[in-house]
Amino acid sequence: MIRFTDTLTKSKKEFIPLEKGKVGMYVCGPTVYNTVHIGNARPAVVFDALRRYFEYRGYKVTYVMNFTDIDDKIINRIKEEGWDFETITSTYIREYLRDMRALGVRDANFNPRISQYIPETISFIETLVEKGFAYVVDGEVFYDVTKFEGYGELSHRKLEDMLSGARIEVDQRKKNPGDFTLWKPAKTGEPSWESPWGKGRPGWHIECSVMSTSILGDTFDIHAGGNDLIFPHHENEKAQSEACTGCEFSRYWLHNGMLQMNGAKMAKSVGNIISIRDAVKKYGRDAVRMFIFSTQFRGPIDYSEERFEDWKKAARRVEDALIRVEELANGIPSFTKSASDWIKEKRKMFVEFLDDDFNTSRVLSLIFEIVKEMNSTDDIGRLFEAYWLIKGEFGDVMGLFTDTPTKIKQSDDSKMDEVMDLMIDVRNSLRKAKLFEQADMIRDGLNESNISLLDGPEGTKWQIT
RNA sequence: GGCAACGUUGCCAAGGGGUCUAAGGCAGAGGUCUGCAAAAUCUCUAUUCGUCGGUUCAAAUCCGACCGUUGCCUCCA
């Protein structure tokens with residue numbers, strides 16, 4: 001039984017899909033006007049893993065993640081850089097997908113862009129106007145928050161509280177300060193489309209409502225995103241969608257906590273960002289993912305270089321253990337399907353942990369316990385089972401250890417291999433003759449060329465550092 | 001000011017009424033391996049859970065107050 005703490009009800013709820021064996025998930029994606037940072041990676045990695053877990057548990061998942069390709073920030077960049085709309089959005093979409101693939105995030109089944117859903121958007125807004133939830137002023141369409149009974153229930157705020165705390169200058173044309181734009185009249189030079197209210201473009205909140213319901217249906221299973229989107233974005237989405245369709249919108253709301261740096265949210269607007277690309281390059285994919293999995297996804301998580309270094313070492317511990325098995329088996333060890341009691345026990349724990357509010361942290365601890373077992377057991381059968389459990393099964397769900405580098409493989413250059421073999425032979429004869437000073441000269445010299453020699457029980461290995 | 005979270009060992013973090021003298025990772029200490037290094041590996045490492053009260057046979061876990069941190073209320077994953 002899979003259970004999640006739902007943002008709306010604030011309680012652990014058993015997951016019951018709308019349709020047996022199927023899950024529809026919608027995750028709010030990035031606005032494509034800039035390179036993404038590791039804060040953006042958190043929802044992508046967590047919800048990607050959740051998707052894989054659903055599949056592991058036998059569900060067929062339809063995973064939708066949008067790109068916001070019409071937005072003030074994009075328009076600003078068009079003005080600043082003189083780029084055209086298509087160039088800027090397609091460039092950053094490409095970059096985003098590249099970064100996510102480097103992180104081991106699988107592509108979504110659908111990556112809708114609002115610019116491709118204009119007719120759907122217009123008819124969605126028309127319905128809202130017809131039903132009396134929206135009103136038009138000077139070619140701009142607003143949503144009337146007082147018309148929707150449940151407004152505020154997702155973010156657990158009362159309408160009165162929101163009004164009293166309103167800090168922005170209220171647009172005089174709005175009936176209520178909390179009303180938000182569904183359709184914005186275009187200014188010259190901005191991307192715009194014809195509509196019953198004149199030339200214009202969709203507001204931010206409407207796009208996710210339109211695309212999620214268009215692809216997944218009026219009601220779908222899971223809507224996810226960062227908790228900074230709860231208000232106003234998701235609150236507004238819910239209000240619009242339920243007003244429009246008359247159905248429950250998303251059955252479960254999952255929100256990830258913010259990634260912080262020195263106690264403040266990592267955000268482009270704050271300027272304290274680390275790019276995904278740099279992080280993966282510096283620490284490796286597994287370390288970045290393990291860092292993200294090290295805490296419950298709902299809470300905040302603090303970035304620091306030390307912590308990434310810690311997880312780099314931790315990831316290496318697992319990878320080393322896997323590589324050792326591969327060396328022992330002379331390749332990928334064979335695996336028989338018949339599951340032992342030991343496997344069943346570990347598998348049961350894995351499922352129990354993830355079923356319980358997707359507790360990835362406990363899964364990591366389980367993986368390390370298995371690694372310890374791998375390192376201390378004399379039982380080859382157990383060793384191979386452990387290997388497959390981590391690499392084939394748990395790693396597959398978590399997107400971890402998918403391509404462990406074989407540490408002993410040195411280079412593609414056979415000449416280099418020959419030279420190194422000779423060096424090692426020479427040095428080992430020196431060592432045999434107890435001429436350690438000369439032997440160390442070779443090792444130190446190679447070290448300066450970033451080649452390290454490692455003397456182990458099975459002989460000397462070398463690697464480029 | 002309103003709303004939502006959080007505060008556990010040197011650091012990160014799980015647990016969320018008894019099985020907790022609190023999982024796991026990093027750091028640290030000791031051992032194995034090695035000519036020595038490095039790497040790897042094994043063992044050990046919190047009577048204690050922000051503070052003060054309360055509920056209970058029993059609290060890190062529930063309740064209250066206080067202190068501290070963060071997010072949202074405006075674009076943001």
Side-chain angles (χ1 to χ4, degrees), chain A residues 7 10 27-31 33-34 36-47 65 68 71-73 76 152 155-158 160-169 178 204 224-233 235 255-260 263-270 290-291 293-296 298-302 304 306-318 320-321 323-324 353 356 359-369 371-372 374-376 407 430-437 439-440 443-444 447 452-457 460-461 463 465:
Chain A
T7 306
K10 290 204 281 187
V27 180
C28 281
T31 302
Y33 73 106
N34 217 328
V36 287
H37 54 80
I38 49 174
N40 298 282
R42 173 121 99 137
V45 167
V46 167
F47 298 124
M65 197 208 69
T68 297
D71 176 85
D72 285 343
K73 276 173 295 202
N76 288 340
S155 52
H156 307 285
R157 298 156 202 241
K158 295 187 202 91
E160 310 89 76
D161 294 343
M162 287 186 274
L163 303 187
S164 61
R167 273 201 247 143
I168 41 159
E169 223 174 279
W204 176 40
N227 68 11
D228 53 349
L229 296 178
I230 296 173
F231 190 88
H233 187 54
E235 189 72 59
H255 289 102
N256 64 276
M258 292 297 104
L259 189 135
Q260 307 179 172
K265 181 170 96 166
M266 182 178 287
K268 281 171 243 187
S269 50
V270 185
M290 286 170 98
F291 165 77
F293 291 139
S294 69
T295 71
Q296 215 288 335
R298 202 168 295 98
I301 184 169
D302 224 80
S304 80
E306 297 75 53
R307 295 197 54 203
F308 267 63
E309 290 291 348
D310 288 353
W311 281 108
K312 187 179 179 179
K313 286 176 204 157
R316 178 104 159 255
R317 197 164 126 77
V318 182
D320 276 332
I323 289 165
R324 228 169 285 131
F353 294 156
D356 183 19
N359 193 330
T360 51
S361 179
R362 295 193 76 179
V363 168
L364 292 186
S365 79
L366 175 64
I367 288 174
F368 283 105
E369 273 166 26
V371 166
K372 185 168 280 180
M374 285 169 83
N375 289 331
S376 36
K407 211 165 57 178
L430 290 170
R431 288 172 70 206
K432 211 164 268 169
K434 298 207 187 293
L435 296 168
F436 297 121
E437 214 168 298
D440 287 348
R443 188 172 63 197
D444 294 344
N447 236 327
S452 47
L453 294 185
L454 310 169
D455 299 322
T460 303
K461 295 172 185 174
Q463 67 181 111
T465 49

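Because the structure is predicted, anything quoted here is derived from the model rather than measured. Chain naming here is simple, since letters A, B, ... match the order of the sequence lines and numbering starts at 1 in each.
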Q. Base, sugar-phosphate alone, or nothing: which one does A/Ile230 contact when heavy atoms must sit under 4.0 Å apart?
A. nothing

Q.
List the residues meeting salt bridge (charged side-chain N to carboxylate O under 4.0 Å, His left out) with A/Lys312, not counting sequence neighbours, and say none if there are none.
A. none

Q.
Students often get this wrong, so: under 4.0 angstrom with heavy atoms, is A/Met266 touching a base, only sugar-phosphate, or nothing?
A. base

Q: Starting from P on B/rA39, measure out to CG on A/Leu454 and report it in whole angstrom.
A: 9 Å

Q. If you measure from the P atom in B/rC75 to the same atom in B/rU19, how many Å do you get, rounded?
A. 49 Å

**Q.** Nucleotide of B/rA77, B/rG15, B/rA13 approaching A/Asn359 most closely (side-chain heavy atoms)
**A.** B/rG15

Q. Would you say B/rC42 has OP1 or OP2 under 4.0 Å from some side-chain N or O of A/Asn375?
A. yes

(Q) At 4.0 Å (heavy atoms only), tell me whether A/Gly225 reaches a base, stays on the sugar-phosphate, or touches nothing. (A) sugar-phosphate

Q. What nucleotide, of B/rA77, B/rC72, B/rA14, holds the atom closest to the side chain of A/His37?
A. B/rA77

Q. Where the side chain of A/Asp440 is defined as all heavy atoms beyond and including C-beta, which of B/rG35, B/rA39, B/rA77 is the nearest nucleotide?
A. B/rG35

Q | P-based separation of B/rC44 from B/rC6 [nearest Å] | A | 33 Å

(Q) Within the 4.5 Å heavy-atom criterion, are A/Glu235 and A/Arg157 side-chain neighbours or not? (A) no

Q: Side-chain contact test, heavy atoms from C-beta onward, threshold under 4.5 Å: evaluate it for A/Phe291 versus A/Leu259 and give yes or no.
A: yes

Q | Pair pattern of RNA chain B in dot-bracket, where unpaired bases get dots and | marks partners in another strand, Watson-Crick or G-U under 3.5 angstrom | A | (((((((..(((.....[.....))).(((((.......))))).....(((((..]....))))))))))))....

Q | Sugar-phosphate only, base, or nothing, as touched by A/Gly29 at under 4.0 Å among non-hydrogen atoms | A | sugar-phosphate

Q) Do side-chain atoms of A/His233 reach the backbone of A/Asp228 as a donor and acceptor pair under 3.5 angstrom? A) no

Below 3.5 Å is the cut-off: list the nitrogen or oxygen pairs between protein and nucleotides 68-70 of chain B, distance only.
unit_1, atom_1, unit_2, atom_2, d
B/rU70, O3', A/Gly263, O, 3.4
B/rU70, O2', A/Gln260, OE1, 2.5

(Q) For the P atoms, the ones on B/rG53 and on B/rC42, what distance do you get once it is rounded to whole angstrom? (A) 44 Å

**Q.** Rounded distance in Å between the P positions of B/rU69 and B/rU45
**A.** 35 Å

Q.
With rounding to the closest Å, how many angstrom separate the P atoms on B/rC11 and B/rU56?
A. 36 Å

(Q) In this structure, how many angstroms lie between the P atom of B/rA14 and the CZ atom of A/Arg298, rounded? (A) 12 Å

**Q.** Residues forming a side chain to side chain contact (heavy atoms under 4.5 Å, CB included) with A/Thr295, sequence neighbours excluded
**A.** A/Arg42, A/Ile301

Q: Give a yes/no answer on whether the side chain of A/Lys10 brings an N or O atom under 4.0 Å of OP1 or OP2 in B/rA5.
A: yes

Q: Can you tell me, in whole Å, how much space there is between the C1' of B/rC52 and that of B/rC57?
A: 24 Å

(Q) According to side chain to side chain contact (heavy atoms under 4.5 Å, CB included), who are the partners of A/Asp440, at least two apart in sequence or on a separate chain? (A) A/Arg443, A/Asp444

Q: Kindly write out the residues that satisfy ring pair (Phe, Tyr, Trp, His ring centres under 6.0 Å) with A/Tyr33, not counting sequence neighbours, or none if the list is empty.
A: none

(Q) Minimum heavy-atom separation for A/Ser452 and A/Asn447, please, with both atom names. (A) CB-OD1, 4.0 Å

**Q.** A/Ile367 CD1 to B/rA14 P, straight-line distance once rounded to whole Å
**A.** 16 Å

Q: Identify, with sequence neighbours excluded, every residue that meets ring pair (Phe, Tyr, Trp, His ring centres under 6.0 Å) alongside A/His37.
A: none

**Q.** Sequence-distant partners of A/Asp356, salt bridge (charged side-chain N to carboxylate O under 4.0 Å, His left out), two or more places apart
**A.** A/Lys12

Q.
With rounding to the nearest 0.5 angstrom, report the CG to CG distance, A/Asp71 to A/Asn76.
A. 8.5 Å

Protein and nucleotides 23-26 of chain B: nitrogen or oxygen contacts under 3.5 angstrom:
unit_1, atom_1, unit_2, atom_2, d
B/rA23, O2', A/Glu369, OE2, 3.1
B/rA23, N3, A/Ser365, OG, 3.4
B/rG25, OP1, A/Arg317, NH2, 3.3
B/rC26, O2', A/Asp310, OD1, 2.4
B/rC26, O2', A/Asp310, OD2, 3.4

Q) In whole Å, what is the span from the CZ atom of A/Arg157 to the P atom of B/rA5? A) 12 Å

(Q) Measure CE/A/Met374 against P/B/rA40 and give the value in whole Å, please. (A) 16 Å

**Q.** Nearest-angstrom distance, P atom, B/rA23 to B/rG10
**A.** 15 Å

Q. What about A/Arg443: does its side chain form a donor-acceptor pair under 3.5 Å with the base of B/rC36?
A. yes

Q: Using the C1' atoms only, state how far B/rC49 lies from B/rA39, rounded to an integer number of Å.
A: 37 Å

**Q.** Separation of B/rG15 C1' from A/Asp356 CG (nearest whole Å)
**A.** 10 Å

**Q.** Spacing of A/Gln296 atom CD relative to B/rG71 atom P, expressed in whole Å
**A.** 19 Å

Q) Quick one: ring pair (Phe, Tyr, Trp, His ring centres under 6.0 Å) partners of A/Phe293, sequence neighbours excluded? A) none

Q | Residues in salt bridge (charged side-chain N to carboxylate O under 4.0 Å, His left out) contact with A/Arg431, at least two apart in sequence or another chain | A | A/Asp455

Q.
A/Arg362: which residues meet the salt bridge (charged side-chain N to carboxylate O under 4.0 Å, His left out) condition with it, sequence neighbours left out?
A. none

Q: Please tell me which of A/His156 and A/Ala321 maps to the more 5' nucleotide of RNA chain B, matching each residue to the nucleotide holding its nearest heavy atom.
A: A/His156

Q: Could you tell me whether the phosphate oxygens of B/rA77, OP1 or OP2, come under 4.0 Å of any side-chain nitrogen or oxygen in A/Asn227?
A: no

Q: Grab the CZ-C1' distance between A/Arg431 and B/rC33 for me, whole Å please.
A: 12 Å

